[in-house]
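A quick note: this is a predicted structure, and the numbers were derived from the prediction, not measured.
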Amino acid sequence: MLVPPYATRELPNESMSSHSTQLKRVRSKPNFGLPWLPILLGTATLMFGITGLVAVTAHPSAEIRIIVEGQQPWNISQQTAQAALKEPVASWKPLTLRVTDRTLSLAEQQGNLAPDTDILLSTQLAQRATEDDTSEAIRRDQASGKAAIRPYFKDRAQDVAAGQDIHDAYQVNVGLGHGPLAVIAAAREAALQLDDGPPRSPLPWIMGTALGLLLTAFTLSKALGRRSRWEARFRRLTTAQRQLAGIVLELEALEVTYLAIEEEQRPTGFTTAWEKVRTTSLELARTEQSVAAALYERSSGMTQATAKRLERFEASLTRLAASADAVMGAGAVIGRFGAESTFQRLAAPLSFATRELLVRLRAAPGSVIDPGIIADLESALDTLLAASTGENGSSAHAVRSWDRAENVLKRQAHAISRKLRRMLPRRPAVNPRPAEDLSVLRATLGLNPQGSWQARTALDVANATAREAFGRLPEFDDAPAPKHHGSPVNPALRTGIRRGAKVLGGTAMVLVAAFLSAIVIVILEDGSGTALTGDKQLQGLHFVPDGSRFDEEIIRRDFQDNFTEDLQVTVVPRDAEEDLGLSRDPRVLTKDQNPNDPYASIRFEPHVLLEAMWDIKAQHPELVDPLTGELPPGHALVPVWFFNNGYTIVPVRMTGEVYSGETTWLKRFDWNTNLIQLEHSPEQAVVYALKGLSIGLQENNYREPDFPLDALFWFLFPAFVLLLFIGYQVLRYGGSMSMRLGRFGKGAARLRTARTELEALAIGLDDSRLNAVLVAQQGALPQAAEADQRLFESALALAWRMAEELASRPLNQRLGGDYLLQIERLEYLVSVLAVRDTDIAGRARLLLAAMRRAD
C-alpha cells in the first residue's frame with residue numbers, strides 16, 4: 001500500500017483511464033483482543049469473594065421450636081413464651097427446645113433425649129456459691145444436670161459444655177428479672193452452640209480472594225504490557241505509513257511540474273534520483289503491506305521477526321525521506337519554483353564561514369594581508385550569493401553558475417590557507433563544524449556530491465589558520481555556546497518525575513488500602529460490641545412512687561448520657577431488711593458473723609433477690625407487660641434497697657433487653673460470689689447503676705470473634721492493595737482502547753464532520769476521475785493532468801488515514817493539544833480537496849457546455 005490504509009495505486013506510468021487508484025476500507029487497528037486469562041481469573045476471584053461474603057454474612061432460615069411443659073416459675077409458660085417471642089429464633093436446622101422444671105436424669109445428661117427433643121432445659125437455678133470463685137469450673141458445676149443436648153459434637157465433653165452454656169444463658173437472664181425472655185435467650189444460645197452453617201471466619205475467604213487478586217494482577221500486568229508493546233508497534237507503523245504517504249504526496253505534487261518540463265531539460269542526475277525515489281517508494285509500499293499484515297495478525301504481531309521487519313521498514317523510510325527531500329530541493333531548481341530556497345540551503349554554511357574569515361583577515365595587523373586578497377574573497381562570496389537566487393537563465397545554467405561560484409570560493413580559501421601557513425611553524429588543528437549532509441541533494445542537481453563538504457572544509461582550514469596567525473576573535477571564539485532549545489524538561493529530570501509520580505501513586509494506593517482495611521475493622525468492632533458507641537441521651541428518669549429520697553439534680557450532674565437507644569429508667573426505693581433480709585445493725589452482724597467467711601455480712605441469697613424482683617413487678621404492674629411480666633423494650637428498672645443507717649445497694653438492674661454475649665456488665669446478678677456493694681448515698685448508687693446499665697447495653701450481644709481482628713487487618717490490607725492496583729490497570733487498559741463514542745469525546749463532532757465530507761469525496765471519486773480525463777483530453781498537458789488526479793487521490797487517501805488514526809487514538813492520547821491540532825490539519829486538507837474537486841467539476845461542465853454549443 002503506497003498510501004494506506006485506504007488507498008492502493010498502480011504504477012504511475014500506466015494510463016489513468018485503465019488503471020486508477022482504488023480506495024478500500026480496512027481495519028484501523030489490529031485486533032488486540034481481550035485479556036481472557038485475567039478476565040477469567042478476575043471473574044473466578046470475584047465469584048469466590050462473593051461466595052465468601054455470602055457465607056460469612058449468611059443468616060439461618062430454619063427456627064427453634066419452644067415447648068414448655070408443666071408449671072414453671074417466673075411466669076414461664078407456653079403462652080407467655082409465645083407472647084414474648086416477637087420473631088422466631090433462627091437456626092441452621094430445625095430444632096426443638098423443651099423446657100421442664102425437674103432435674104435431668106443421667107441418661108438425659110448423656111444425650112438420650114426423646115425423639116422430638118433436641119435441647120432439654122431445666123428451669124431450676126443454681127444454689128449460692130460457697131466459695132468466692134468466679135472461675136469457669138464453678139459456673140459449669142452450677143449448670144450441671146440442668147441442660148442437655150442430643151449428641152452433636154464428636155467430643156462428648158463439648159456436648160456437655162454446650163448444654164451448660166445454654167443453661168447459663170437462661171440463668172443469667174433470670175438474674176436480670178426475665179422469665180419467658182430467659183427461655184428465649186436459652187433458645188438463641190442453643191442456635192449459636194449448635195451452629196451447622198458455613199464457616200464464619202473470613203480469613204480463609206480473604207486469603208483465597210487475595211491469592212486470586214494476585215494472580216489476576218500479575219496476568220493483567222502481562223496482558224497490559226503485551227498490549228502496550230503491540231500498540232506501540234502499531235503507532236510506529238502508522239507513523240511510518242503517514243510519513244510514507246506524505247513523501248508520496250510531495251512527490252506527486254512535484255510530478256505535476258516534472259511532467260510539464262521538457263524531457264531534454266531534465267538533468268540526468270535528477271532523472272536518476274527521481275526514478276530511484278519512485279522505485280524505492282513502490283518497494284516500501286509492498287514492504288508496508290507485508291509488515292502491516294504481520295503486525296495485524298495475533299500470531300505474528302508480537303514476534304521478534306515482525307519487530308525486525310518493522311525496524312528495517314522504518315530505517316528504509318528514513319533513507320527514503322532524505323532522498324525525497326533532496327529530490328524535492330532539486331526539483332524546485334529544475335522546475336523553476338522555489339529555486340532560491342534550495343540554493344540558499346547550499347549557500348548558508350559557506351556564507352557564514354566566509355563572513356567569519358573576512359572578519360579575521362580584516363583584523364590582521366598592518367600590511368600582513370594584501371587588500372586585494374580580501375577583495376577577491378568578497379567578490380567570490382558575492383558571486384556565490386548571486387548564483388543562489390537561481391535566476392540566471394535556465395535551470396541548467398543556474399546550476400552551472402552555482403558550481404562555478406562555489407569552485408571560485410573554494411580556490412580563494414585554499415589560496416589564503418597556503419599564504420597564512422607560511423607564517424606559522426606548524427599546521428594548526430581544525431575542528432570540523434557540524435553541518436547538514438547535502439550530498440544527495442547535490443547529486444540530484446548534477447553537482448559533485450562532495451562539493452559542499454570540500455568547500456566548507458577549505459573555509460574551516462582557512463579560519464583555523466587565521467585564528468592561529470592573528471589570534472582569537474572575541475565575537476567568534478569567546479562567544480558562549482549556543483543554547484539548544486530542546487525539551488523544556490531534562491530527560492533525567494523527566495525520568496525522575498515519572499518515577500516520583502509512580503512512588504507517590506503507590507504510596508497513595510497503600511494509604512487508601514490501609515484506610516479501607518481500618519474502616520472494615522472499625523465496622524466489625526462496632527458490630528461485635530468491643531467499641532462503645534452509645535451517643536443518645538437518657539429519655540426519662542422516673543421515681544416510683546416519688547423522688548423524695550433522691551436528689552435528681554445530683555444524679556443528672558454526675559451521670560454522662562451515652563445510651564445506644566432511647567431509654568426510660570424507673571427508680572424504685574425498697575427496704576433491704578424487709579425485702580432481702582439484710583441488715584447493717586451491728587448486733588445482727590455480730591450474731592451472723594461466720595469466722596470461716598469474712599464476707600458473710602455482705603452476702604445475699606440469690607433466690608431471695610429473685611423473689612424481691614418479681615414482687616416489685618407485681619406491685620407496679622404499669623411498668624411491665626401484663627401477659628409476659630417482662631419490661632417492654634426501651635425501659636429499665638433500677639431498684640435501690642435502703643438500710644437503716646443510710647447505706648444503699650443496687651445488686652441488680654432490670655431491663656427489657658435480653659442479655660447475650662460474653663461481657664459481665666449487664667448481668668449484675670452474681671450467682672457465684674453474690675456479694676453486695678454498699679454505697680454511701682442513694683444518688684451515687686443510682687449513678688453507678690446507670691453507668692453500668694449504659695456500658696452493659698452497649699456491650700450486649702458481644703462475642704469474641706473466631707479470628708483476631710489484628711490478623712484480619714493484615715489479611716485485608718494486601719487484598720485492598722491488589723484490588724486498587726487491578727482497578728488502576730483496568731483504567732489503563734480502558735484508556736488504551738479505542739474510544740469510538742460517537743458524539744462523545746474531545747473534538748469528536750469536528751472529526752465526524754470531516755469524515756462525512758471525506759465519505760462524500762470518496763463516493764464521488766469516479767465522477768472526479770471522469771472530469772479529470774475530460775480536462776486532460778482538452779488540455780495541452782495530459783500527463784500533468786494525470787499526475788494532478790493522482791495527487792488528488794493520494795491526498796484523499798492520506799486524509800482518510802489521518803481521520804482513521806485520529807478516531808482510533810486511545811483515550812489517553814486525546815487529552816493533549818496535539819489531538820486538536822491534528823484535527824485542524826485534517827479539516828484544512830479536506831477543505832483543499834473539496835475546493836479542487838469543485839474546480840475540476842466546474843471546468844468539466846464548461847467544456848461539456850462548449851462542446852454542446854459547437855455541435
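- Here the side chains of Leu409 and Leu377 are in contact, with some heavy-atom distance below 4.5 Å.
- Judged purely by distance below 3.5 Å, without hydrogens or angles, the side chains of Thr306 and Thr303 pair a donor atom with an acceptor atom.
- No side-chain heavy atom of Gln454 sits under 4.5 Å from any side-chain heavy atom of Leu459.
- For the atom pair CG (Asn463) and CG (Leu361), the distance works out to 8.0 Å, reported to the nearest 0.5 Å.
- The nearest pair of heavy atoms linking Arg309 to Ala294 is NH1-CB, 3.9 Å.
- Between Trp800 and Glu759, some side-chain heavy-atom pair lies under the 4.5 Å cut-off.
- Contact annotation: the side chain of Met423 approaches that of Phe470 to within less than 4.5 Å [non-hydrogen atoms, C-beta and beyond].
- The shortest non-hydrogen separation linking Ala799 to Leu826 is O-CD1, 3.4 Å.
- Checking side-chain atoms of Ser290 against main-chain N and O of Thr287 turns up a donor-acceptor pair under 3.5 Å.
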Mind running side-chain contact (heavy atoms from CB on, under 4.5 Å) on Arg411 and Ile416 for me, showing each step along the way?
CA-CA 9 Å; Arg411 287 194 298 271; Ile416 293 173; over 6 Å; no

Step by step, work out the salt bridge (charged side-chain N to carboxylate O under 4.0 Å, His left out) result for Arg427 and Glu468.
CA-CA 9 Å; Arg427 185 184 297 270; Glu468 188 73 17; over 6 Å; no

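- Residues Ala458 and Ser417 come closest through the heavy atom pair O-OG, 4.1 Å.
- Phe313 approaches Leu284 most closely through the heavy-atom pair CE1-O, 3.5 Å.
- Looking at heavy atoms from C-beta onward, His414 lies in side-chain contact with Arg418 at the 4.5 angstrom threshold.
- When all heavy atoms of Ile373 and Gln412 are compared, the closest pair comes out as O-OE1, 4.5 Å.
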